[in-house]
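Read the structure below first, then the notes.
Atoms within a ligand are numbered from 1 in the order they appear, just like the ligands themselves.
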Amino acid sequence: MYPAPFEYTRAESLAHALELMGEHGDEARPLAGGMSLLPLLKLRLARPAWLVDIGRLDELAGIADEDGALGIGALTRHVTVAGDAAIRDRYPMVHDAISTVGDPQVRNQGTTGGSMSHADPAGNWGPVSLAIGARMLCRSVRGERWVEAADFYVDAYTTALAPDEILARVELPAFGGSGAYLALRRRVGDFALASVAVQLTLDAQGACGAVGIGLGAVGLTPIKAAEAETAMRGNAITDELVGEAAELVYGAADPLEDVHGPVEYRRSAVRALFKRAVGIAVRRHGGEAVEMIA
Ligand code: FAD
C-alpha cells in the first residue's frame, strides 16, 4: 500500500526540528531510521500530516562518557551501540540486547531514540532501560526535561513524550557490576516472545547489592520487576533465592494470549529466562566472558 499524503521536511539542525515539531504539534512525527514508521505509514496505521526528518542530524548521534554515566544520542544506530567497546565492557546486558535487534539491515538503519519512542512492548530497549535505570532527555521549543525509564513507557506504542517533543539523548547510569539480557524468539531476527534484562552488583561475600530487572514482551509495556528486585537486594545469590525471585518475576509478567501461545507459556518462559540471566550476570561479575549467541 501507499502512505496517505504528507508534507516532508528534512531538518537542518535539532533547533530546526524542534521548531517544526512545535509548529505542527499533533500533526507531525519525527522520522529517524524509518524502520518502524515507514511500514506504519504504508499500512496507513499512522497518518501524520507532516514528517520531520531528523535522520541526518549528527548532533543527535554518538556515545559519550558523561561523568561516569554513558550518554547515547537518540540517532545512534543499533549497529553503533552493538559495536561500542565501552558498552560491551560496562553494560554487557545492553550489548546482548542491541546486537540481537532484528537483522543487520534493521540494526544499520534503526536508532536508539526511534526504538524507545516507538515503544514496541517486545522491543529490546524497553526491559534494558528499566533494568539499568536509564533516563531520557526530552526536548521541545518549550525547553527540556529528563524522564526516568520507569515513567517513559506509558502504554503499548505510547510514551511520555509530548506531541512536540523529540527524544534527544538517553543516559545509562554508572550502575557497576554486570548483567545479561536473554530473549525467547521463534527464529533469529524475530521480535522476542519474552525477554529479561538483569543488572546486579555483588559484594565480596556474594551478596546482591544494587539490582535492576526488566521484562519485555510480557505486557503492554516493558515491566520493572520491583518485587523480585526487593527480594534479591542484600541477600546472597543462592538457587533458593533465585527461585524465589523467579516466582515474583512470573507474577509480575502480564502477557496477553496470542497466536504464539497462551499466557502461561510466556510467563513460564520469562521465569526460566530470568534464572538463566541471573546465572550469566553472576558469572560475568566474576570476570568470566560469557558471549551470547543471537
Ligand atoms: P522510526 O521508524 O523512524 O520511528 C519510529 C517511531 O518513533 C515514529 O513514531 C517516530 O515518529 C518516532 N521517533 C523516532 N525517533 C524519535 C525521536 N528521536 N524522538 C521522538 N520520536 C521519535 N526492535 C527491537 O527492539 N527488537 C527486534 O527484534 C526488532 N526487530 C525488527 C525487525 C524488523 C524486520 C523491523 C523492520 C524492525 C525491528 N525492530 C526491532 C524495530 C527497530 O528496532 C527499529 O529501529 C525501531 O523500532 C525504530 O527505530 P527507527 O530509528 O527506525 O525509528
Side-chain angles (χ1 to χ4, degrees), residues 3 6 8-11 14 17-18 20-22 24-43 45-57 59-61 72-82 94 96-129 136-140 144-145 147 152-153 156-170 181-195 197 214 216-217 222 294:
F6 56 82
Y8 167 93
T9 308
R10 183 188 294 167
L14 176 59
L18 295 178
L20 290 164
M21 293 301 295
H24 301 291
D26 260 339
E27 299 284 284
R29 285 274 192 108
L31 172 66
M35 289 288 97
S36 301
L37 185 52
L38 294 187
L40 289 178
L41 295 178
K42 287 178 127 188
L43 292 167
L45 291 171
R47 289 165 170 255
W50 215 291
L51 286 191
V52 177
D53 188 348
I54 58 171
R56 298 185 196 203
L57 298 183
E59 63 191 294
L60 281 181
I72 306 179
L75 263 185
T76 312
R77 314 268 166 192
H78 300 316
V79 66
T80 307
V81 174
V94 177
D96 296 340
I98 307 310
S99 58
T100 53
V101 168
D103 51 39
Q105 289 94 328
V106 172
R107 294 196 288 277
N108 284 337
Q109 196 61 26
T111 66
T112 304
S115 190
M116 290 180 171
S117 308
H118 185 56
D120 189 312
N124 298 21
W125 261 118
V128 164
S129 53
M136 287 71 165
L137 180 62
C138 308
R139 296 193 56 182
S140 70
E144 63 177 46
R145 64 188 178 118
V147 179
F152 187 75
Y153 303 102
Y157 306 102
T158 309
T159 68
L161 282 165
D164 62 343
E165 279 182 321
I166 284 180
L167 174 57
R169 202 164 80 240
V170 180
Y181 168 91
L182 281 174
L184 173 70
R185 298 183 183 85
R186 286 194 66 216
R187 293 162 305 199
V188 171
D190 280 1
F191 272 95
L193 297 179
S195 65

Could you tell me whether [X] and ligand 1 have an N or O pair separated by under 3.5 Å?
X: P30; answer: yes
X: S117; answer: yes
X: Q109; answer: no
X: R185; answer: no
X: A32; answer: yes

Of all the heavy atoms in [X], does at least one lie under 4.0 Å from an atom in ligand 1?
X: L60; answer: no
X: V106; answer: yes
X: I54; answer: yes

Under a 4.0 angstrom heavy-atom cut-off, which atoms of ligand 1 come close to [X]?
X: D190; value: 28 (O)
X: G110; value: 45 (O), 51 (O), 52 (O)
X: G33; value: 3 (O), 50 (P), 51 (O), 52 (O), 53 (O)
X: G123; value: 24 (C), 25 (O)
X: L161; value: 20 (C)

Nearest heavy atoms of [X] and [Y], plus distance in Å:
X: L40; Y: H118; answer: CD1-CE1, 3.8 Å
X: A11; Y: L57; answer: O-CD2, 3.4 Å
X: M35; Y: V106; answer: SD-CA, 3.8 Å
X: L161; Y: C138; answer: CD2-SG, 3.7 Å
X: F191; Y: R185; answer: O-CG, 4.0 Å
X: Y153; Y: W125; answer: OH-O, 4.0 Å

Minimum-distance protein heavy atom relative to [atom]:
atom: atom 14 (C) of ligand 1; result: G114 CA, 3.4 Å
atom: atom 52 (O) of ligand 1; result: M35 N, 2.8 Å
atom: atom 51 (O) of ligand 1; result: T111 OG1, 2.6 Å
atom: atom 9 (O) of ligand 1; result: R29 NH1, 2.9 Å
atom: atom 43 (O) of ligand 1; result: H78 NE2, 3.0 Å
atom: atom 25 (O) of ligand 1; result: N124 N, 2.7 Å
atom: atom 1 (P) of ligand 1; result: G34 N, 3.4 Å
atom: atom 4 (O) of ligand 1; result: L37 CB, 3.8 Å

Modelled atom types, side-chain donor and acceptor of T100 and Y181, under 3.5 Å: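 Per modelled atom types, T100 and Y181 side chains form no pair under 3.5 Å.
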Is a side-chain N or O of [X] found less than 3.5 angstrom from the main chain of [Y], in a donor-acceptor match?
X: T80; Y: H78; answer: no
X: N124; Y: A97; answer: yes
X: T76; Y: T112; answer: no

Ligand 1-proximal atoms of L167, by part, heavy-atom distance under 4.0 Å: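 Both backbone and side chain.
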Which segment of L38 sits under 4.0 Å of ligand 1 when only heavy atoms are counted: neither
For R29, salt bridge (Lys or Arg N to Asp or Glu O under 4.0 Å) partners two or more places apart: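 Per chain and number, R29 pairs via salt bridge (Lys or Arg N to Asp or Glu O under 4.0 Å) with no residue.
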More than 12 heavy atoms of other groups within 6.0 Å of R56 CZ: no
For atom 27 (C) of ligand 1, the option (of G102, S36, G55, G113) bearing the nearest heavy atom: G102
Approximate separation, where rounding is to 0.5 Å, of I166 CD1 and L60 CG: 7.0 Å
Criterion side chain to side chain contact (heavy atoms under 4.5 Å, CB included) on V128 and I98, from CA distance to verdict: CA-CA 9 Å; V128 164; I98 307 310; 5.7 Å; no
